[in-house]
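Scroll down for the structure; my scribbles are underneath it.
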Amino acid sequence: MMYAQEPRVIIALDFKDELSTLLLVDQLQPDLCRLKVGKELFVRCGPSLVNKLINKGFDVFLDLKFHDIPNTVAAACQAAADMGVWMVNVHASGGRKMMEYAREAIDKSDHKPLLIGVTVLTSLSRLDIAEVGLDIEPAIQVSRLAELARDSGLDGVVCSPLEVSNLKQQLGQEFCLVTPGVRPAGAAIGDQQRVMTPSEALSAGSDYLVIGRPITASSNPIQALNDIISEC
Ligand code: C5P
């Protein structure tokens, strides 16, 4: 099983407070999973919780999706690197210069997190992107932004598991693909629209699987994680 080398599952810690977060985290082992801290948890608990997770030995994906002028994004990426996170992300639609500045900031840091791009949010339909001035298929925009992210020096992108095989073909095996929208066989799909199982996503070429509720909302999260690991 591939987990002997490095954990591919990133658990989305979509909790409202530190207590419930640590209640789960204290049952987890850093050699079996990584952790994702998103906007809600970060706004509520801040860098101090991220530091606690890192001090417990976990790799942390700081999922704040930076999107601003190049200097500001570079400074935020520098701050994330100084915090010691393992992965950080920016919106690829912020453009080449913004991504290049982010790359430079991380390259200058002592600790260098993986720098990942967000292409088109999966919540946006063809109509939604037309309304903000992009009259093209979302898949075409995903492919265009992923290529721009790679050419701007990013390490990879977040994408749907259904986009993985095309993007690997287009951008090469080394370009890291991080996929939410993963559901173990038989699990509730919830608000995710187009899903794959962990083994399907990994076979398609996904490098890391972001999985939240199938683990965090389970009555036995450790069993749920172990089941996912053995399914891979
Ligand atoms: O609970 P679930 O497994 O659906 O959680 C998936 C996580 O991945 C959430 O934190 C969600 O915000 C994030 N995400 C996503 N789809 C994207 C980007 C991020 O579900 N396109």
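Just so you know, ligand 1 is whichever comes first in the structure, and atom 1 is the first atom listed for that ligand.
- Against a heavy-atom cut-off of under 4.0 Å, T122 is close to the following atoms of ligand 1: 16 (N), 17 (C), 21 (N).
- A salt bridge links D207 to K168: at least one charged side-chain nitrogen sits closer than 4.0 Å to a carboxylate oxygen.
- Taking a cutoff of 4.0 Å between a charged side-chain nitrogen and a carboxylate oxygen, E18 and R44 do not qualify as a salt bridge.
- With respect to the salt-bridge test (charged N to carboxylate O, under 4.0 angstrom), the residues D26 and K56 qualify.
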From CA spacing to verdict: side-chain hydrogen bond (donor to acceptor under 3.5 Å, both in side chains), Y101, Q78: CA-CA 10 Å; Y101 272 46; Q78 171 82 63; over 6 Å; no

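- Remark: minimum distance from atom 3 (O) of ligand 1 to any protein heavy atom is reached at G212 N, 2.7 Å.
- Annotation for ligand 1: atoms under 4.0 Å from non-hydrogen atoms of D14 are 9 (C), 10 (O).
- For atom 20 (O) of ligand 1, the closest heavy atom belonging to the protein is Q192 NE2, 2.9 Å.
- For ligand 1, the atoms lying closer than 4.0 Å to a non-hydrogen atom of R213 are 1 (O), 2 (P), 3 (O), 4 (O).
- Ligand 1 places these atoms under 4.0 Å from at least one heavy atom of I211: 3 (O).
- Distances below 4.0 Å separate heavy atoms of A12 from the following atoms of ligand 1: 7 (C), 10 (O).
- At the shortest separation from atom 18 (C) of ligand 1 among protein heavy atoms lies P180 CG, 3.7 Å.
- Scanning the protein for heavy atoms near atom 2 (P) of ligand 1, the closest one is R183 NH2, 3.4 Å.
- Set against the non-hydrogen atoms of V210, the atoms of ligand 1 under 4.0 Å away are 7 (C), 8 (O).
- Contacts between L121 and ligand 1 below 4.0 angstrom, taking non-hydrogen atoms only, are absent altogether.
- Summary of contacts: the protein heavy atom closest to atom 12 (O) of ligand 1 is K36 NZ, 4.2 Å.
- Counting all heavy atoms, side chain and backbone alike, P47 lies closest to F42 at N-CE1, 3.7 Å.
- For A80 against L62, the heavy-atom pair with the smallest separation is CB-CD2, 3.9 Å.
- Looking at D155 and R103, a side-chain N of the basic residue comes within less than 4.0 Å of a carboxylate O on the acidic one, giving a salt bridge.
- Taking the six-membered ring where the residue is Trp, Y208 and W86 present perpendicular rings, their angle passing 60° and hence far from 30°.
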